[in-house]
Amino acid sequence: MNTGGGSDTITVGIKKHYLYLAVGVVIGFGAGYVSAMAFNVRTRVAPDAAAALPSFAELATVEVDIAGRPSRGPDDALVTLLEFTDYECPYCGQYFRETYPSLLAEYEGKLRYVVRNFPISALHPHAQKAAEAAECAYEQGGFWEYHDVLFERAPVLGVGSLKAYAADMGLDTQAFDACVDSGRKAAVVAKDMQDGIGYGVGGTPTFFLNGRRLAGVLPPAEFIAYIDAAIEEAQARARDAP
């Protein structure tokens, strides 16, 4: 698990776009969620949808920060995949069930996987507190198990359930419950959301693969093809480096 060490900024070609939060949150949540649904339908229903997907080199690029965020896999991996997620989002749940396990298995030891929060509270009333609870679990070193439990148990994500899941995991329940009740992790979640909006996140799930943005749910084979392309690009850059 990453604690903030090593290289925590992925630098790519275009400048970060800063949006006014008051307008960006409203517009981004509404339009972005709809666009995520449309993307999901296109990739899941049309059998030839893959032909319409952009190549890895054609994806938009953004400078993203992963410092101090939960991560798994080698810090020096050639490929870093950052996910902005919402634990109550049905599309995030679909990705968790259908694609996420394949990526972990296919790239074990080769992929650095990072998660940041993007709860869309206007649509998912339990998502904010679930994100805070995940941060409380992270504080005790239990982020990834708790992350999985949240998706496995969604949409049962009320505060009482969040606390029960932590107890079932064997976390320090007194410290966990106090962390959740205090709301002190809300600032961490808000920072993730502010950064996400600045990176162009409008809906969930949204991914950044070595800084290249992917939005919506892709079938495992298409996601793997993008990761393979990212590895090839990183290897080529390493060969060309002085």
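Worth knowing before you read on, the calculation uses all heavy atoms, side chains too, and leaves out hydrogens, waters and symmetry mates.
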* Asked: Do L150 and L162 have side-chain heavy atoms sitting under 4.5 Å apart?
  -> yes
* **Summary of ring pair (Phe, Tyr, Trp, His ring centres under 6.0 Å) pairs that have at least one residue in residues 166-198, sequence neighbours excluded** => Y146-F176
* Structure fact -> Applied to residues 222-242, the ring pair (Phe, Tyr, Trp, His ring centres under 6.0 Å) test, sequence neighbours excluded, yields Y95-F223, F207-F223
* State whether the side chain of R213 and the backbone N or O of T206 hold a donor-acceptor pair below 3.5 Å, judged by distance alone. => no
* To do: Determine whether V64 and R116 make a side-chain contact, defined as any pair of heavy atoms from C-beta on separated by less than 4.5 Å.
  => no
* Check: S55 main-chain N/O paired with E58 side-chain donor or acceptor under 3.5 Å -> yes
* Asked: Side chains of M169 and Q140: does their closest heavy-atom pair fall under 4.5 Å?
  -> no
* To do: Nearest 0.5 Å please: distance from the CG atom of L103 over to the CD atom of E83.
  => 10.0 Å
* Contact check, side chains of H124 and P119, non-hydrogen atoms, under 4.5 Å -> no
* Asked: Out of curiosity, L111 CG to L78 CG, how far, rounded to the nearest 0.5 Å?
  -> 10.5 Å
* Could you grab the distance from atom CD of E106 to atom CG of D228, nearest 0.5 Å is fine? => 7.0 Å
* Asked: What is the minimum heavy-atom distance between V79 and N210, and which atoms define it?
  -> CA-OD1, 3.3 Å
* Do V188 and F84 sit in the same hydrophobic cluster, where Ile, Leu, Val, Met, Phe, Trp and Tyr count as joined when their side-chain heavy atoms come under 4.5 Å apart? -> no
* If you look at every heavy atom in V201 and G203, which pair is closest and at what distance? -> CG1-O, 3.6 Å
* When rounded to the nearest 0.5 angstrom, what distance separates CD1 in I231 from CG in L209? -> 9.0 Å
* Structure fact -> Residue pairs meeting ring pair (Phe, Tyr, Trp, His ring centres under 6.0 Å), one or both in residues 52-75, sequence neighbours left out, come to none
* Applying side chain to side chain donor-acceptor pair (under 3.5 Å), which residue pairs with at least one partner in residues 126-137 are found, sequence neighbours left out? -> R69-E135, N117-E135, Q128-E132, K129-E132
* Asked: Mind checking whether F208 and I66 have side chains closer than 4.5 Å, heavy atoms only?
  -> no
* Please check if the side chain of W144 supplies one atom and the backbone of S71 the other of a donor-acceptor pair under 3.5 Å. => yes
* Not counting sequence neighbours, list each pair that qualifies as a salt bridge (Lys or Arg N to Asp or Glu O under 4.0 Å) and has a residue in residues 156-165. => K163-D181
* Asked: Does a side-chain heavy-atom distance below 4.5 Å link T99 with L218?
  -> no
* Do the side chains of Y107 and I224 get nearer than 4.5 Å, heavy atoms only? -> yes
* Structure fact -> Closest non-hydrogen atoms of Q94 and V217, given as atom of the first, atom of the second and distance, are NE2-CG1, 3.5 Å
* Distance-only, no hydrogens or angles: does the R97 side chain make a donor-acceptor pair with backbone N or O of G93 under 3.5 Å? -> yes
* Do the non-hydrogen side-chain atoms of P205 and Y91 ever get within less than 4.5 Å of each other? -> yes
* Asked: So F143 and H147, would you call those rings parallel, tilted or perpendicular, with 30° and 60° as cut-offs?
  -> tilted
* Step through it carefully: locate the ring centre of Y113, locate the ring centre of Y100, and say whether they are under 6.0 Å apart. => yes
* Could you name each residue pair satisfying disulfide (SG to SG under 2.5 Å) that touches residues 131-174, not counting sequence neighbours? => C136-C179
* Between OG1 of T61 and OH of Y199, what distance do you get to the nearest 0.5 Å? -> 13.5 Å
